[in-house]
Q: 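Mind having a look at this structure? Questions to follow.
These numbers come from the heavy atoms of this one structure, side chains and all, not from hydrogens, waters or symmetry mates.
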Amino acid sequence: METLVGKILEYGDTQPEKKAVCFKNVTVTYGELKKRIIGMATLLHEMGIGKGHRVMLNAVSKPEYIAGLLSIQYIGAVTVGIDKFAKPENIQDIWEMTQADIFLADGKKLPEEIRTVSLKQLYKESVQEQEYIDYAEPEEGQLCELIFTTGTTGKPKGAMLSYRCIYANMLNTCNGIRMRGDDIVLNPLPLNHSFGMRVLRSTLYLGATIVLQSGFTFAKEIETNIGLHHCTAMVCVPASMEVIYRQMQEHFATVIGQLRYIEFGAGSVSVDMKKKLLRLLPDTQLFNTWGSTETGGAVFLDITNHPDKLASIGRPLEGIEVKAVGLDGNEVAAKDMDTAGRMLLHGRMRMEGYWNEPVLTDETIRDDWLYTNDLIYIDEDGFVFMLGRADDIINVGGEKVSPIEVENIAQEYDEIKECACIGVDDPEGIVGQVPVLYVVVENGMADEGALLKYLANRMEKYKLPQEFIQVDELPRNKMQKLDRKALHRMYEERGSVDLMNPIICNLLARRSVREFTDQPIDNRILDMIIKTGYYAPSGHNMQTWRFTVLKSQDKIKELKEITRAKAEERKVHFYGFENPQILILVSNDRRNKDGIQDASCAAENMMLAAQSYGLGSVWLNPLMTLCDEPEIRELLNSYQVPTQHIVWAAVALGYPKVPGKLLAKKENVVHFVES
């Protein structure tokens, strides 16, 4: 049968110079990829690895991972992708569960019983002259990959993917999003997850080019890769697109609009975001794919060509069947929310079962149908509408409430950036459960009365949230999917909510604002803001700082333009601002070793004070690198900034013209030492 390895061996002969894989400035052609695969396979064979052996490999988004993955399949072994951030205990669990023979990784400190070989070294040695082994095509039912997913208990489950289901999966993706052989696809997704692997396989199967990137943290990297590699497509999870949009702001449409298509997966894009993207990206085809580790991409929504079906997850492709069953397991005519049933899928793309989990496999696959825990209904045009996981549906006095429906309606309220709905026990003990809505707002605190009135005009009374809880961000898993279980835990503990007070709200609500109105700042407010600056902590109480307040628009613009020009010349990042009413230069004596810390505390105090008065602010720091440039120092001298002072921060202030955007926050930066 046709396999991905077989296709790449073919492309290595028919298009050897075409780019197969790009990573930063590194390019691997199909001719080179073929040679690497065969060379690594030969080395693995010499280590005793053969058909059916399980080989774990660290899923780094680099060419060596792709070559390693395919070299394992070249010799008929089974690939087991491991999260590059996996902890040693998680790695050991999967090692023992799979009875793996070898782990290809670098920089991992693991127990001696885990046989570890350097993936980098194997890749490096793969081009050495040697007697290569031949490729033997596998049988279609032969196990190819194990992809581990976490179940409801938290115990990892290994989905067994045969060559048959992977082949069907590749065809589904190519057909579902109309991928082409001349596409250059940017893939920032983790390569131990189903979505990232599905896109990787499909791109190489068509002989197209895959551009690897390690995550979505910095939109600048996405912009660089699109420009450097002339990408025509990108794959993305919904939450990451929101991050990209916030970071790029006014440049979003220009940069992302260069793409021929974007495919979303690992969750549904909100109706509000779909509308926004349709407006901002009129020339970019938008797709939202529903799939799972067990099925790959199975239901596809062409957002661009079906703007009337934005609330659906799409239609299954030819060869894929979707139906719904009731609580008794019998098929139901699920035509609307009231008749919704549990989603079942049938097709060659489904997994063979769960590794060493016969009972769970029998519960999940019955009569060749794969049972999910998602509630759906199907409209007259064949579009599938998902209400959510069966255990997420809220039972209000016998009435079903879909959290997704509530979220889609609430998301269109102007002040709400994102939201999530869960069901909690009715405090009155009357209707069983009631909806609660967690909200992240654009700026400041939401007006609950106005929000409730908005929702009341758009949904039935029993669906209305009985409580609104404002949070700084919604909890998500590694694939940026909403974590509803975490929301339930938050509600039960209520600690973070009960601890909210005006000061904490002010701290969490502050955003960088770069566009300001012409409204002047009251001098009394300005004086108080500056006062919070010089009341900040100062090392050894030296207070060697200086606060230079520019109130002249002409002088602010002059400093901005000269700084911008010097920043471009010196290749210093300069993110500008428009029309601030005030610019405060926070400088400190360069002889004071605590100067930068003192200035930082002062700048933060002033920005938080500005936030409390409804003002916007942004911290600008190119002057700390450029303040000794002759043209800039001449200006600073005219402001009477001492020559021995470094300007560690410039704080722009004004009333926001455009609300600030919350940028991604890393959650893995806290470590408690408790004993």
Q: Using a strict 4.0 Å threshold on nitrogen-to-oxygen distance, state whether R342 and D374 make a salt bridge.
A: no
Q: Are K309 and D302 within salt-bridge range, i.e. N to O under 4.0 Å?
A: no
Q: Minimum heavy-atom separation for G296 to N169, with atom names?
A: CA-ND2, 2.8 Å
Q: Does the ring of F103 carry R115 above it, NZ/CZ under 6.0 angstrom from centre and within 45° of its axis?
A: no
Q: If you round to the nearest 0.5 Å, how far is CG of L228 from OG1 of T27?
A: 7.5 Å
Q: Enter the distance from N288:CG to L277:CG here, rounded to the nearest 0.5 Å.
A: 10.0 Å
Q: Do Y30 side-chain atoms and A208 backbone N/O form a donor-acceptor pair below 3.5 Å?
A: yes
Q: Is it true that R484 and E407 make a salt bridge, defined as a side-chain N closer than 4.0 Å to a carboxylate O?
A: yes
Q: Would V185 and C231 count as a side chain to side chain contact (heavy atoms under 4.5 Å, CB included) here? Give the steps.
A: CA-CA 6 Å; V185 183; C231 297; over 6 Å; no
Q: Hydrogens and angles aside, do K84 and S214 bring a side-chain donor and acceptor to less than 3.5 Å of each other?
A: yes
Q: To the nearest 0.5 Å, tell me how far F148 CZ sits from H193 NE2.
A: 13.0 Å
Q: Take atom NZ of K51 as the centre, draw a 6.0 Å sphere, and report whether it contains more than 12 heavy atoms from other residues, nucleotides or ligands.
A: no
Q: Please say whether more than 12 non-hydrogen atoms of neighbouring residues, nucleotides or ligands are located less than 6.0 Å from OH in Y132.
A: yes
Q: Between L387 and I393, what is the shortest heavy-atom contact and its length?
A: O-CD1, 3.5 Å
Q: Step by step, would you call Y163 with E137 a side chain to side chain donor-acceptor pair (under 3.5 Å)?
A: CA-CA 10 Å; Y163 283 92; E137 283 193 4; over 6 Å; no
Q: Is the shortest side-chain N to carboxylate O distance from E125 to K120 below 4.0 Å?
A: no
Q: Kindly check if the number of other-residue, nucleotide or ligand heavy atoms within 6.0 Å of NZ (K24) is above 12?
A: no
Q: Just checking, K7 and Y205: is the charged tip under 6.0 Å from the six-membered ring centre and within 45° of the axis?
A: yes
Q: Using side-chain heavy atoms (C-beta onward) and a distance below 4.5 Å, is I244 in contact with C236?
A: yes
Q: Set out, in order, the CA-CA distance, both residues' side-chain angles and the distance that settles side chain to side chain donor-acceptor pair (under 3.5 Å) for T29 and E17, then state yes or no.
A: CA-CA 5 Å; T29 65; E17 300 304 317; 5.3 Å; no
Q: Heavy-atom distance under 4.5 Å between the side chains of N58 and D106, does that happen here?
A: no
Q: At their closest point, which heavy atom of V325 faces which heavy atom of Y371, and how far apart are they?
A: CG2-CE2, 4.3 Å
Q: Salt bridge check, E418 against R476: does any charged N sit closer than 4.0 Å to a carboxylate O?
A: yes
Q: Does any non-hydrogen side-chain atom of E357 lie less than 4.5 Å from one of K157?
A: no
Q: Are any of the side-chain heavy atoms of T79 and V55 separated by less than 4.5 Å?
A: no
Q: Classify the ring geometry between W369 and H346 as parallel (under 30°), tilted (30 to 60°) or perpendicular (over 60°).
A: tilted
Q: For D328, does the CG atom have more than 12 heavy-atom neighbours from other residues, nucleotides or ligands under 6.0 Å away?
A: yes
Q: Look at D183 together with R260 and state whether they make a salt bridge at an N to O cut-off of under 4.0 Å.
A: yes
Q: Let's go through T364 and T372 carefully: what are the C-alpha distance in whole Å and the side-chain angles of both, what is the deciding distance for side chain to side chain contact (heavy atoms under 4.5 Å, CB included) to 0.1 Å, and is it a yes or a no?
A: CA-CA 7 Å; T364 307; T372 76; over 6 Å; no
Q: Out of curiosity, T232 OG1 to I184 CD1, how far, rounded to the nearest 0.5 Å?
A: 6.0 Å
Q: Salt bridge check: are E140 and R348 linked by an N-O gap of less than 4.0 Å?
A: yes
Q: Apply side chain to side chain contact (heavy atoms under 4.5 Å, CB included) to the pair L301 and R315, showing each step before the final yes or no.
A: CA-CA 6 Å; L301 176 63; R315 287 186 292 198; over 6 Å; no
Q: So which heavy atom on G68 is nearest to which on S71, and how close?
A: O-OG, 2.8 Å
Q: Can you tell me if CD on E139 sees more than 12 non-hydrogen neighbours from other groups inside 6.0 Å?
A: no
Q: Determine yes or no for a side-chain-to-main-chain donor-acceptor pair under 3.5 angstrom, with T293 supplying the side chain and T149 the backbone.
A: no
Q: Calculate, to the nearest 0.5 Å, the distance between atoms CZ and CG belonging to R350 and L161 respectively.
A: 11.5 Å
Q: Rounded at 0.5 Å granularity, tell me how far OG1 in T295 sits from CE in M349.
A: 5.5 Å
Q: Can you tell me if Q99 has over 12 outside heavy atoms packed within less than 6.0 Å of its CD?
A: no
Q: What's the verdict on side chain to side chain donor-acceptor pair (under 3.5 Å) for Q15 and E10, showing C-alpha distance, side-chain angles and the deciding distance?
A: CA-CA 8 Å; Q15 53 182 37; E10 174 190 323; over 6 Å; no
Q: Applying side chain to side chain contact (heavy atoms under 4.5 Å, CB included) to V117 and L44, what does each step give before you reach the verdict?
A: CA-CA 10 Å; V117 171; L44 287 170; over 6 Å; no
Q: With salt bridge (Lys or Arg N to Asp or Glu O under 4.0 Å) as the test, would you mind laying out the steps for R54 and E145 before giving the verdict?
A: CA-CA 9 Å; R54 272 78 62 200; E145 295 181 19; over 6 Å; no
Q: Do R164 and E352 meet the salt-bridge criterion of a basic N to acidic O distance under 4.0 Å?
A: yes
Q: Examine R36 relative to Y123 and say whether NZ or CZ is less than 6.0 Å from the centre of the six-membered ring and inside a 45° cone about the ring axis.
A: yes
Q: Whether D182 and R180 form a salt bridge (side-chain N of Lys/Arg under 4.0 Å from carboxylate O of Asp/Glu) is what I want to check.
A: yes
